[in-house]
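Worksheet for the structure shown next.
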Amino acid sequence: MNKNFDVEYYKQKYLFGKSNKELADLLRYIAYSLELKKQDYFRIIAYKNAADALEAYPVEIYNLIVNNEDFQIENIGKIIKQKLIEYCKNGYSQEMAEILSEIPITVFYLTQVRSVGPKKAYKLVETFKLFNPETVYEDLLNVAKAGKIQNLEGFGKKSEESLIKALENYLSYKMQSRILLYLADNIAKSIIDWVSQNQDILKINVLGSIRRRCETVGDIDIAVATDNSKAVIDRFLEYPDKIKIENAGSNKASIIVKNNIRVDLRVIDKSRYGSMLQYFTGSKLHNIALREYALNLGYSLSEYGLKSVSDKQEISFSSEKELYEFLGLRYIPPELREGNDEVELAKKGKLPKLIKLSDIKGDLHIHSSFDTQTHYDLGSSDLNELIEKAKALGYSYIGIADHNPKYSLKQSVQKILAERKKYYDQIIYSKKLEQFNVFIGLECDILPDGSLPITDECLKYLDYIIVSIHSSFDLDKTKMTQRILRALNYPKVCVFGHPTARLINKRPAISADWQKIFKFCKEKNIAVEINSSPERLDLPYELIKMYKTFGVKFIINTDSHNADSLDLIAYGVDTARKGWLTKDDVVNTNSLDKIELWIQKQSQKK
DNA sequence: GCCGTTTTCGGCCCGACTGTTTTCAGTCG
């Protein structure tokens, strides 16, 4: 018997990985396995739903399980939960192994290729004996290139060609993850600018995860309202920076652009535009919740509108607002549509009034070009340029938080900070600022033991300190928590900078007892930073939402290294909105005198 | 297998696109 059919093979420890995404794939493979064995349709659906829910769940459940912490996820009931627990604790689950073992593992591998589902994968694996998991993609590619696939029943020349492309694509891009929101924004803007030059466009919007302001984006979706869909789609297909056209119909077309990003354009008449906008903005979980809610009112919800269950009458909506209002709901901003409890709260009228970009009155995490002899990058703009930019943004204050000088310079650290203060004070004085202030801060490393690389004598040259982690990211949870708490206890600390220290797609969040840390921040009046840098977006929105209920205050900063980057504050505001924050939750929505008072108070504390 | 303001049984979303077919299957979102 081939090893892939053997239960023992599927008992290799963590054969499918530990992340939520990988665990979700594992559940999907079980669904595929059941599908191929023609088992109960709804049992299959149940595994797929569980997989979707797990993939959308914000906390890595592997960590929860190994720490014996409980979790409740919609659509994951007792049975699947128990299997996940068994898999995470033992490295495999007996029952899962049994279900999977009737199908070669290479079948599951092939389902990762676009346009290949379980049935095609199974047929290909069986026909061409593709049992080697190490080389299955290359093996199939060779078979396809040899022209052997077009003769298979249900396949043809075209499907052979598209399979070759899909495989080549998969092989060249399989290492690539979802792109950052910031990059997706730029691509989407360029395409929208191009398409919008067509005269037949009545409305155009970006949909999906970009519109919900998710930190990363898989595909880019765009909606257009028009009476001439052919002209709009033709224009879209002529987009000059496309790599290829994926498909093109009368209501929808897809192209591939740089970074192997797929862009879908959906076209609809003006009268039903609101329904389409709502439907394809998602998220999937939000739509499920909304659909259930609508069904209770006697309507079935689709991308075309509502259909009365009783008399089949269709109702269309030209705007999203009308749709939500018709259902008796307050308008739900796209950022909140993640399938938590937003539908329920919209019904009760209890959605928060989300913070807006215009609420921001200043930015306290800016790096200037003054040479503090740090071992990090300096900023490239000087204080004059930063003040001008901040004024242009309508700010009342900024805080310069350069990196601390190198730790090895011990004796001269104080001297560098003294010179810096003198230099800044001169600029501030000479500019005769009115209704505007500059705070002189410092972004200070939290050393591995929780101490800070400055002496008490340095404090007199500083208005405030941001503490943040730039090294030793993998301490265990207990040590990391102690480390952070010690640093937060230093005098003049006002801000805990980029708390999880994650870099999206590059470095995972540190492990720490956030509950303990944020409670401490609340007690000490320390603001928890929402760092707007597109590759950080740290604190992540899930944690913001979770710990907002503690009453801790947040601050949205850019961590800018040049004046232009002050504009990126919008990404921090998006993240705050996604974390359900209001103006009152964020300290830098406060006026200058309130901020001055807060900073003074922090410096008087021991 | 999941879920419950119809709660322990009996329901569970569905339309578009592609390709191969000649009325449908597979895949995707």
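Letters A, B, ... are given to chains in the order of the sequence lines, protein chains preceding strands, and every chain is numbered from 1.
Shown here are the side chain to side chain donor-acceptor pair (under 3.5 Å) partners of Tyr304(A), two or more places apart in sequence or in another chain: there are none. By the salt bridge (charged side-chain N to carboxylate O under 4.0 Å, His left out) test, Lys242(A) pairs with no residue at all, sequence neighbours left out. The side chain to side chain donor-acceptor pair (under 3.5 Å) test applied to Lys120(A) returns no partner, not counting sequence neighbours. Applying the salt bridge (charged side-chain N to carboxylate O under 4.0 Å, His left out) criterion to Lys244(A), with sequence neighbours excluded, gives Glu246(A).
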At a cut-off of 3.5 Å, list every protein nitrogen or oxygen paired with a nitrogen or oxygen from nucleotides 3-8 of chain B, distance to 0.1 Å.
| residue | atom | partner | partner atom | Å |
| --- | --- | --- | --- | --- |
| dC3(B) | OP1 | Asn75(A) | N | 2.6 |

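Lys119(A) places its NZ atom 15 Å from the P atom of dC24(B), with the value rounded to the nearest Å. With rounding to whole Å, Lys307(A) atom NZ is found 10 Å from dG15(B) atom C1'. Put simply, CG on Leu277(A) is 16 Å from C1' on dG29(B), counting in whole angstrom units. One interatomic measurement links the two molecules: CG of Asp264(A) to C1' of dG29(B), which rounds to 8 Å at whole-angstrom precision. Protein atom OH of Tyr122(A) is 14 Å distant from nucleotide atom P of dG26(B), rounded to whole Å. The nearest whole Å value for the distance from the CG atom in Leu265(A) to the C1' atom in dC17(B) is 15 Å. Between the CD atom of Glu246(A) and the P atom of dC28(B) there is a distance of 11 Å, rounded to whole Å.
Put simply, Tyr304(A) has a side-chain N or O that comes within less than 4.0 Å of OP1 or OP2 on dA16(B).
Residue contacts for Ala248(A): at a heavy-atom cut-off of 4.0 Å it reaches the sugar-phosphate backbone alone, with no base atom in range. Across all strands, Ser250(A) comes closer than 4.0 Å only to sugar-phosphate atoms, never to a base (heavy-atom distances). Contact annotation for Phe42(A): base contact, defined as any heavy-atom pair under 4.0 Å involving a base atom.
Remark: dT18(B) base-pairs with dA25(B). Criterion, Watson-Crick or G-U wobble with two distances under 3.5 Å.
For residues 146-164 of chain A, proximity to DNA chain B is found at Gly154(A), Phe155(A), Gly156(A), Lys157(A), Lys158(A), Ser159(A), defined as any non-hydrogen atom under 4.0 angstrom from a strand atom. At a non-hydrogen distance threshold of 4.0 Å, Asp40(A) from residues 21-41 of chain A come into contact with DNA chain B. Within residues 79-97 of chain A, the residues approached by DNA chain B to less than 4.0 Å at the level of any non-hydrogen atom are Ile79(A), Ile80(A), Lys83(A), in residue-number order. In the region residues 328-349 of chain A, proximity to DNA chain B at under 4.0 angstrom, judged on heavy atoms, holds for none of the residues.
Each of dC17(B), dG29(B), dG1(B) was ranked by its minimum atom distance to the side chain of Tyr47(A); first place goes to dG1(B). Comparing atom distances between the Ala46(A) side chain and each of dC17(B), dG29(B), dG1(B) picks out dG1(B) as nearest.
Residue pairs meeting the salt bridge (Lys or Arg N to Asp or Glu O under 4.0 Å) criterion with at least one partner in residues 223-239 of chain A, sequence neighbours excluded, are Lys230(A)-Asp234(A). Identified under the side chain to side chain donor-acceptor pair (under 3.5 Å) test for residues 153-165 of chain A, with sequence neighbours left out: Gln150(A)-Glu160(A). The list of salt bridge (Lys or Arg N to Asp or Glu O under 4.0 Å) pairs with a residue in residues 274-286 of chain A, not counting sequence neighbours, reads Asp52(A)-Lys284(A).
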Could you go through Met276(A) and Val224(A), starting from their C-alpha distance and side-chain angles, then the distance that decides it, and tell me whether this counts as side-chain contact (heavy atoms from CB on, under 4.5 Å)? CA-CA 9 Å; Met276(A) 164 169 281; Val224(A) 170; over 6 Å; no

